[in-house]
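Take a look at the structure below.
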Number of protein chains: 2
Amino acid sequence: MSSTYHHGDLRRALIDAAVEAIAETGPSALSLRAAAKRAGVSHSAPAHHFGDKAGLLTAVAVQGYERFADTLERSWRRTGDFIEVGAAYLRFAIDHRAYFETMFRPELLHEEDPDLVRGRERARRILYLGSAPAEEGVLYDRRALAAWSLVHGLSSLLVSGNFPPELAADPEAAFRAVAAGLGELRG
Amino acid sequence: MSSTYHHGDLRRALIDAAVEAIAETGPSALSLRAAAKRAGVSHSAPAHHFGDKAGLLTAVAVQGYERFADTLERSWRRTGDFIEVGAAYLRFAIDHRAYFETMFRPELLHEEDPDLVRGRERARRILYLGSAPAEEGVLYDRRALAAWSLVHGLSSLLVSGNFPPELAADPEAAFRAVAAGLGELRG
DNA sequence: CGCGTCAACTTGACAGTGTCAAGATTTGCG
DNA sequence: CGCAAATCTTGACACTGTCAAGTTGACGCG
């Protein structure tokens with residue numbers, strides 16, 4: 001039967017299936033066989049395209065980094081504001097939780113994968129350097145690192161359920177409130 | 001043979017074995033059978049004490065939260081300074097990486113476990129309220145939430161390998177530099 | 001048009017995993 | 001001393017990732 005053999009776009013279909021499954025159970029509980037079943041193919045079809053379980057998760061992470069970097073870049077261009085980019089970051093973590101969780105779980109990925117390295121590097125460049133044009137020698141902007149840490153911490157705490165319940169209802173508002181009052185921390 | 005039966009302190013031994021294993025492979029790759037072998041008992045001894053794989057990980061997380069809260073509390077008493085507590089937080093994440101990673105991975109734990117809830121609550125109280133005495137109605141201190149997010153983000157990024165390489169060598173110094181310049185973010 | 005080569009996918013097998021039921025051993029309490 | 005309960009083991013089951021071998025289909029070349 002020609003419908004099963006040569007699916008045509010199985011790679012993409014498997015990634016989509018994996019993302020769905022991850023959204024339900026988290027990345028560490030992803031099962032290759034379950035993803036294969038979801039895509040309607042045999043249990044070892046994923047291995048052919050991704051080699052490995054880590055290979056499939058790496059492909060998910062790569063796609064995640066692409067969308068992530070696109071989102072951040074767009075937000076930078078539109079607003080040029082740290083706070084707004086931070087809010088976009090937070091929204092990405094919430095709306096694309098499956099991607100977000102997979103991206104920051106290196107023990108499940110092929111860290112040396114060229115596409116992954118490239119995607120990560122692109123996202124890092126946006127986050128480290130902030131609005132500063134890529135000066136030679138300047139490897140990071142301290143303000144950007146602070147902003148990144150803050151919003152990544154908020155996102156991680158939120159996604160992992162370690163957030164004050166009364167703030168979890170509107171995390172973006174909480175983020176804006178916290179960010180607006182950052183100066184108080186110094187005193 | 002009386003040496004294998006009635007180990008006497010198997011529960012603790014299994015937790016220790018689990019912590020060692022987690023330190024090597026991460027919490028999601030923990031194997032009950034491997035932990036049992038490490039402790040020198042049969043493959044299903046862990047189930048008797050912890051019921052579940054999630055049960056063992058929960059026990060690890062509970063112990064982690066206890067040590068974590070002790071560390072933070074001690075730092076508060078000694079210094080009374082946000083920055084110093086943050087530094088202690090960061091050091092804990094680095095020095096007790098296995099605990100730290102397990103604590104913030106809810107999909108692997110029994111979230112409703114009373115000991116876990118208690119431990120988490122204790123840590124949260126320290127982190128949310130900061131130095132403020134537990135006023136009624138005040139559920140969190142904005143400065144504390146900002147500090148917590150910042151240092152948790154730094155810790156997570158560091159532990160997950162998403163840190164500028166030249167800063168990863170001395171993360172505490174990086175944290176202090178970032179925290180000291182936080183006010184700049186507002187402008 | 002036919003054929004062969006190659007990629008895409010399947011089938012079957014293997015060791016390892018978590019979990020459960022049943023059994024064996026030891027402790028402690030009456 | 002003896003019995004009940006707690007502790008641990010043994011054996012089994014379904015499921016997992018991975019690998020080798022086989023099957024099917026597409027595509028270019030004669």
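Below, chain A is the first sequence line, B the second, and so on; all start at residue 1. Just so you know, these numbers use all the heavy atoms, side chains as well, and skip hydrogens, waters and symmetry mates.
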Worksheet entry | For Val60(B), the option from Thr102(B), Leu30(B), Leu108(B), Asp16(B) that meets side-chain contact (heavy atoms from CB on, under 4.5 Å) | Thr102(B)
Discussion item. Rounding to 10°, can you tell me the angle the first-five-pair axis of the helix from dC1(C)-dG30(D) to dG30(C)-dC1(D) makes with its last-five-pair axis?
Written reply: 10°
Item to complete: Please state how far atom CG in Leu108(A) lies from atom P in dT16(D), giving the value in whole angstrom units.
Response: 17 Å
Worksheet item: Rounded to whole angstrom units, what separation is found between the CZ atom of Arg12(B) and the P atom of dC8(D)?
Response: 14 Å
Discussion item. If I compare all heavy atoms of Ala17(B) with all of Ala35(B), which pair ends up nearest, and what's the gap?
Written reply: CB-O, 3.7 Å
Worksheet item: Between Phe82(A) and Trp148(A), is the gap from one ring center to the other below 6.0 Å?
Response: no
Worksheet item: Can you check the His48(A) NE2 to dG25(D) P distance for me, whole Å?
Response: 16 Å
For nucleotides 13-15 of chain C, which of its nitrogen or oxygen atoms have a protein nitrogen or oxygen under 3.5 Å away, and what is each distance?
none

Practice prompt. Indicate, with yes or no, if Ile94(A) and Leu145(B) share a hydrophobic cluster defined by side-chain heavy-atom contacts under 4.5 Å among Ile, Leu, Val, Met, Phe, Trp and Tyr.
Written response: yes
Worksheet entry | For atom CG of Leu32(B) and atom P of dT9(D), their distance in whole Å | 14 Å
Worksheet item: Can a donor-acceptor pair under 3.5 Å be found between the side-chain atoms of Ser44(A) and the base atoms of dT18(D)?
Response: no
Worksheet item: What does Leu30(A) touch in the nucleic acid at a heavy-atom separation under 4.0 angstrom: a base, only the sugar-phosphate, or nothing?
Response: sugar-phosphate
Discussion item. By the 4.0 Å heavy-atom rule, please label Leu56(B) as base, sugar-phosphate, or nothing.
Written reply: nothing
Practice prompt. Answer yes or no: does a side-chain N or O of His49(B) lie under 4.0 Å from OP1 or OP2 of dC8(D)?
Written response: yes
Worksheet, complete the sentence: Given the options Met103(A), Glu111(A), Glu121(A), Leu116(A) meets side-chain contact (heavy atoms from CB on, under 4.5 Å) only with Glu111(A)
Worksheet item: How do Ala45(A) and Lys53(B) order along DNA chain C: which one's closest nucleotide is nearer the 5' end?
Response: Ala45(A)
Practice prompt. Evaluate the ring planes of Tyr89(A) and Phe100(A), with Trp represented by its six-membered ring, and classify them as parallel (under 30°), tilted (30 to 60°) or perpendicular (over 60°).
Written response: perpendicular
Discussion item. Which residue is it: Thr58(B), Leu57(B), Leu14(B)? I am looking for the one with a side-chain contact (heavy atoms from CB on, under 4.5 Å) to Phe50(B).
Written reply: Leu14(B)
Fill in: Nucleotide nearest Ser31(B) (side chain, heavy atoms from C-beta), chosen from dA8(C), dG17(D), dG18(C)
dG18(C)
Worksheet item: Judged by atom type as modelled, is there a donor-acceptor pair below 3.5 Å linking the side chain of Ser155(B) to the main-chain atoms of Val151(B)?
Response: yes
Practice prompt. Measure the distance from CG on Leu10(B) to C1' on dT25(C) and round it to the nearest whole Å.
Written response: 15 Å
Discussion item. Expressed as a whole number of angstroms, how long is the span from Phe50(B):CZ to dG18(C):P?
Written reply: 14 Å
Worksheet item: Which of parallel (below 30°), tilted (30 to 60°) and perpendicular (above 60°) describes His96(A) and Tyr99(A)?
Response: tilted
Practice prompt. Write down the distance between NZ (Lys37(B)) and P (dT9(D)), rounded to a whole number of angstrom.
Written response: 13 Å
